[in-house]
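The next block holds one structure in the form of structure tokens; read it before the comments.
Whatever order the structure lists ligands and atoms in, that order sets their numbers, starting from 1.
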Amino acid sequence: MFLVTISMVSKTSVILTFLFLALPFSSTACSKEDFQALVAFKETFSPNTFPKSWGASADCCLWGNITGCKDGRVTSLTFTSDVFNDVAALDLHGTLPPSLGDLSTLTSIDIYMQPNLYGLIPYNWSKLKNLETVAIYSTNVSGPVPSFLSQLTSLQELHLDYCNLSGALPPSLGDLANLNKVSFTHNKLTGTIPSTLFSRLDKGILHADLNLVENQLTGAIPKSFGRVPFRYISLQDNQLSGDASFLFGKSKPSLIQVTLARNRLSFDLTNVEYPVKNVQYIDLGNNEIYGSINEQIIQVVQEIHLDVRSNELCGKIPRGGKFTPKDANWFADNKCLCGEPLPACK
Ligand SMILES: *[C@@H]1O[C@H](CO)[C@@H](O)[C@H](O)[C@H]1NC(C)=O
Ligand SMILES: *[C@@H]1O[C@H](CO)[C@@H](O)[C@H](O)[C@H]1NC(C)=O
Ligand SMILES: *[C@@H]1O[C@H](CO)[C@@H](O)[C@H](O)[C@H]1NC(C)=O
Ligand SMILES: *[C@@H]1O[C@H](CO)[C@@H](O)[C@H](O)[C@H]1NC(C)=O
């Protein structure tokens, strides 16, 4: 029917008709909502910090640092100042803009190496129901970790490392059934680790990773963590006390790494058994752990790094199978550990 119509009109109007029909396809624009949110984002900062592509096209999917788009909707943003390559770096001076909360299809936010980015995580980000990954690394973003993060129901990974965050981790983070990778290393977090964390993890999720290295966390490691399928758990350089034996056990095949060094942990290691399959790295140094090292450790199927220096341990260091540690420092400064790689037992 369309062909019939154009055959009956003049050449000029055929061309015009084609131009008109082609127009919506040749100059695609991203969604108005996303366009406006990104313009507002840019206006929060000094405009000359942005790539020239910002605003140059109606299609905001073509702008620099917009690293993902689907059907004209922005899905990911990556802002990094390329300090390593010393190129003209994108240096964001100011606070995290609430306007990002209007990018409703966003699935990931990555912001790295922004020393001049400060202030709180804006409440408007709680609208980002599709957000799966947040990585804000090495910035001066501060304040408490907001409890409204529990409204980001798609969240799987939360990485806020080397920032200026303080206060306690909100127990509401445990409401997120898909959140299985959490890191807040090198902040100023205080209080206890919420026992709710990972407590509602979806049954289909087989691993959890937690990294809270270098904060000021106190109290006990939650007993509920004994039921979490950890792969990596790193809590070193805090002020944690009490028991950690429940993190170990033969029945934890996914466990690869446990680092608890430089805390105030105090428990009997004698009956603690080690997962044998995937474990590679255990660091319990500089705590107040007592008892002895269970002979069962020689069942590990690959060589492991076991560091228990500066504790209250005693007895003969087991040796056999893949467990043949050579570095005496890993066992140094205990009450009465003996045997290779330390001097022989008396
Ligand atoms: C973001 O933009 C800055 C400045 O143009 C550029 O140096 C950086 O490589 C961009 N990063 C990404 C991931 O696009
Ligand atoms: C934050 O969200 C509210 C409600 O959706 C909206 O009215 C407000 O304009 C937003 N603020 C900013 C700065 O985007
Ligand atoms: C935070 O800001 C201070 C000075 O204002 C700066 O020295 C420091 O490097 C910044 N921190 C980060 C992680 O960028
Ligand atoms: C870091 O956070 C503290 C509050 O804990 C605040 O007083 C300080 O201004 C923040 N530093 C920066 C550079 O934002």
Side-chain angles (χ1 to χ4, degrees), residues 40-51 54 64-65 67 76-101 106 108-126 128 131 133-150 152 155 157-173 181-194 197 209-219 232 234-240 259 261-264:
F41 178 85
K42 181 180 171 182
E43 280 167 359
T44 319
F45 300 102
S46 155
N48 56 12
T49 56
F50 280 80
W54 277 63
N65 299 90
T67 43
S76 69
L77 300 170
T78 307
F79 294 97
T80 163
S81 77
D82 219 338
V83 286
F84 301 115
N85 296 321
D86 198 30
V87 294
L90 184 66
D91 182 10
L92 300 172
H93 277 251
T95 59
L96 282 176
S99 54
L100 282 191
L106 208 54
S108 78
I109 297 178
D110 293 87
I111 301 178
Y112 301 123
M113 311 282 184
Q114 299 293 344
N116 300 308
L117 188 66
Y118 57 90
L120 308 176
I121 298 171
Y123 179 72
N124 275 25
W125 288 23
S126 61
L128 298 171
L131 201 57
T133 305
V134 177
I136 298 180
Y137 180 96
S138 195
T139 74
N140 266 307
V141 169
S142 64
V145 177
S147 59
F148 63 70
L149 291 179
S150 66
L152 305 177
L155 206 58
E157 298 191 26
L158 186 54
H159 304 283
L160 290 162
D161 303 307
Y162 292 88
C163 291
N164 186 23
L165 297 165
S166 55
L169 282 175
S172 62
L173 286 182
K181 295 193 174 73
V182 174
S183 62
F184 288 96
T185 72
H186 299 83
N187 280 286
K188 298 187 302 201
L189 299 180
T190 53
T192 57
I193 302 172
L197 199 58
D209 299 339
L210 177 64
N211 192 340
L212 300 174
V213 166
E214 261 203 49
N215 281 284
Q216 295 151 29
L217 297 164
T218 53
Y232 298 93
S234 304
L235 305 175
Q236 71 204 38
D237 294 295
N238 280 286
Q239 293 148 34
L240 300 165
T259 62
R262 292 175 296 279
N263 278 288
R264 295 169 192 162

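Taking all heavy atoms of N164, V141, N116, N140 into account, the minimum distance to atom 3 (C) of ligand 4 is reached by N164.
Rounding to the nearest 0.5 angstrom, the gap separating the CG atom in L210 from the CG atom in L197 is 6.0 Å.
Contact annotation: the side chain of F79 approaches that of L92 to within less than 4.5 Å [non-hydrogen atoms, C-beta and beyond].
Residues K188 and N164 have side chains that bring a donor and an acceptor to within less than 3.5 angstrom of each other.
Closest to atom 5 (O) of ligand 4, if we only count protein heavy atoms, is K188 NZ, 3.6 Å. Here the protein heavy atom with the shortest distance to atom 9 (O) of ligand 3 is P115 CB, 4.6 Å.
Within a 4.0 Å radius of atom 14 (O) of ligand 3, the protein contributes at least one heavy atom. Atom 11 (N) of ligand 3 is approached by the protein to below 4.0 angstrom, counting heavy atoms only.
Closest approach of N238 to L217, counting heavy atoms only: OD1-N, 3.0 Å.
Not a single donor-acceptor pair under 3.5 Å links the side chain of N140 to the backbone N or O of Y118. Remark: the backbone N or O of T185 is not paired with any side-chain donor or acceptor of S183 at under 3.5 angstrom.
Per-residue contacts place Y162 under 4.0 angstrom from the following atoms of ligand 3 (heavy atoms of the residue considered): 13 (C). Listed by atom number, the atoms of ligand 3 under 4.0 Å from S138 heavy atoms are 13 (C).
With a heavy-atom cut-off of 4.0 Å, Y118 does not touch ligand 3 at all.
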